[in-house]
Structures are given as C-alpha cells and as structure tokens.
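Here's the structure we're looking at; comments come further down.
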Amino acid sequence: QVQLVESGGGLVQAGGSLRLSCAASGRTFSSYVMGWFRQAPGKEREFLAAIKWSGGSTYYADSVRGRFTISRDNAKNTVYLQMNSLKPEDTAVYYCAARNAPLITSPTRSYDYWGQGTQVTVSS
C-alpha cells in the first residue's frame, strides 16, 4: 500500500508563489510515476505535471508549463510542485498521485494512489 500526504497549500495573492510537498511512504518508488493534479469547484480533476521517480523525466500540462515545476527528492521520498506567478484561476484543491508504471501519462484513471489534497487559494 502507498500513502501520500500533501502539504504546503494556503492563501496567496495573485503573482505570488507556493511550494507543495507530497510525502510518499509504504513502498519503494523507483518504478513509479508521480503526478500532481488539481480540482476546482464544479470542474473535473485536471492533470498538471508528472515526474518519473527514476531518472527524473518530467511532463507538464500546457496550462502550467513555464509557471509550475515538479521535482523530487529521492532521499526524502518527497515530490514537490513549485508554483510561481499564481493566478486566481489556479485556486483549487491540489492532489498528489502515484502511478505504478514506468511511463508518464496524464489521465486520472492511470494513477493508482491519491493523497487527500491540499487547498490553494489565490486572491486577486
């Protein structure tokens, strides 16, 4: 079993930055892909970024490429999402997810484990 715990959400003004963390435990993750998603009220869960635990290859959604950066710290079993130039439309609950397969993919159904989410609110 895999446990994922997100942290780092909060309230920030437009143009500001936040760094989200996702602490993973319960398994070895060398073959996993880790992803970040978000879900705003009344909207579907949206893929943001993913990273291969082994090797560090990354992939981003067009909506966040250039503003968000995904990274991982293997020693801490932690994945990060650095979010810069935040906009009010970035307001959502942000989720970390793990995919037990080596290829990066974006559909939510491709991910096997999910965290509880952390709220990010961007004020105008």
Test log, rule side-chain contact (heavy atoms from CB on, under 4.5 Å), inputs Asn77 and Trp53: CA-CA 9 Å; Asn77 271 3; Trp53 203 274; 3.7 Å; yes
Leu81/Val79 under side-chain contact (heavy atoms from CB on, under 4.5 Å): CA gap, chis, key distance, verdict: CA-CA 7 Å; Leu81 186 69; Val79 177; over 6 Å; no
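You'll find the side chain of Gln119 reaches within 4.5 Å of the side chain of Thr91, heavy atoms only. Side-chain contact between Val2 and Tyr32 is present, with heavy atoms from C-beta onward closer than 4.5 Å. Residues Tyr80 and Cys22 are not in side-chain contact: their nearest non-hydrogen atoms beyond the backbone lie 4.5 Å or more apart. Using a 4.5 Å heavy-atom cutoff, the side chains of Val64 and Phe47 are not in contact. With a 4.5 Å cut-off on side-chain heavy atoms, Ser17 and Gln82 count as touching. Tyr94 is not listed as a side-chain neighbour of Glu6, based on a closest heavy-atom distance of 4.5 Å or more.
Here the closest non-hydrogen pair linking Ser123 and Leu11 is CB-CD1, 4.3 Å. Residues Ile70 and Tyr60 come closest through the heavy atom pair N-OH, 2.9 Å. Across Leu48 and Phe68, no two heavy atoms sit closer than the pair CD1-CE2, 4.4 Å. Minimum interatomic distance between Lys52 and Ile104 (heavy atoms only, all atoms of both residues): CG-CG1, 3.9 Å. Here the closest non-hydrogen pair linking Met34 and Cys96 is CE-SG, 3.9 Å. Contact detail for Tyr111 and Thr105: the closest heavy-atom pair is OH-O, 2.6 Å.
Enclosure of atom CD in Gln3 by more than 12 non-hydrogen atoms of other residues, nucleotides or ligands within 6.0 angstrom is indicated.
For Arg67 (side chain) and Ser85 (main-chain N/O), a donor-acceptor pair under 3.5 Å exists by modelled atom type.
Ion pair Asp90/Lys87 not flagged as a salt bridge, since none of the NZ, NE, NH1 or NH2 atoms sits closer than 4.0 Å to an Asp/Glu carboxylate oxygen.
In this structure, Leu4 is a member of the same hydrophobic cluster as Leu18, with clusters built from ILVMFWY side-chain heavy atoms closer than 4.5 Å.
Taken to the nearest 0.5 Å, the CZ atom of Arg19 stands 11.5 Å off from the CE atom of Met83. To the nearest 0.5 Å, the span separating OG on Ser21 from CZ on Arg72 amounts to 15.0 Å. Of the inter-residue distances, the one linking Arg45 atom CZ with Arg109 atom CZ reads 14.5 Å to the nearest 0.5 angstrom.
Looking only at atom types and distance, the side chain of Ser63 has a donor-acceptor partner in the side chain of Glu46 under 3.5 Å away.
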